Amino acid sequence: VFDRRGQSLRALAEYQAAAGNAPDNLGLQLALAQAAERAGNVTVAIDAYAAVLRQAPGQAEASAALARIQKDKKSLDVRAASPSHTWDYK
């Protein structure tokens, strides 16, 4: 419900509480991961996608999401480390 209303942080909190009570529920773990990603909480998203993959190693959506997150993170790391990158504090 909160996801549909655009309340990502509230949805994330609800999914975390529910997933804590049902850690073997793959659908719930996947929903938690997606909510965390939408809320910008990459650490929780990675943990939840990894939990899905521990239980279902071939789960395509979790595998693709982790690959996408890792690619995005590498891209950000490269840009931040680039000597041509300057910070403008105006």
Side-chain angles (χ1 to χ4, degrees):
V1 173
F2 296 110
D3 260 344
R4 285 178 283 183
R5 292 181 184 164
Q7 298 174 352
S8 299
L9 293 176
R10 179 75 188 267
L12 175 57
E14 295 294 327
Y15 282 124
Q16 284 178 307
N21 292 323
D24 294 333
N25 184 323
L26 291 179
L28 194 51
Q29 290 293 333
L30 190 58
L32 168 60
Q34 293 164 340
E37 198 172 353
R38 281 190 296 276
N41 194 328
V42 177
T43 301
V44 171
I46 290 170
D47 290 346
Y49 284 129
V52 169
L53 291 174
R54 280 192 298 277
Q55 294 178 53
Q59 213 287 341
E61 191 170 349
S63 294
L66 277 178
R68 182 185 64 249
I69 290 170
Q70 289 171 342
K71 180 182 174 191
D72 290 348
K73 186 178 181 322
K74 278 185 182 179
S75 176
L76 287 172
D77 290 346
V78 167
R79 280 188 276 170
S82 173
S84 63
H85 184 80
T86 59
W87 300 98
D88 187 7
Y89 292 105
K90 293 181 184 177

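These numbers were taken from a predicted model, which means no experiment stands behind them. As a basis for the values below, the full set of heavy atoms in this structure was taken, side chains included, without hydrogen atoms, waters or symmetry mates.
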Kindly give the heavy-atom pair with the smallest separation between A36 and A45, and that separation in Å. CB-N, 3.5 Å

Which atom pair, heavy atoms only, marks the closest approach of A51 to Q29? CB-OE1, 3.9 Å

Rounded distance (nearest 0.5 Å) linking atom CG of L32 with atom CG of L12: 6.5 Å

Looking at residues at least two apart in the chain, or sitting in another chain, which of them share a side-chain contact (heavy atoms from CB on, under 4.5 Å) with A18? L28

Shared hydrophobic cluster for L26 and Y15 (ILVMFWY, side-chain gaps under 4.5 Å): no

If you group Ile, Leu, Val, Met, Phe, Trp and Tyr by side-chain heavy-atom gaps below 4.5 Å, do V42 and V52 land in one group? yes

Which pairs count as side-chain hydrogen bond (donor to acceptor under 3.5 Å, both in side chains) when at least one residue sits in residues 44-62, sequence neighbours excluded? Q34-E61, E37-Y49

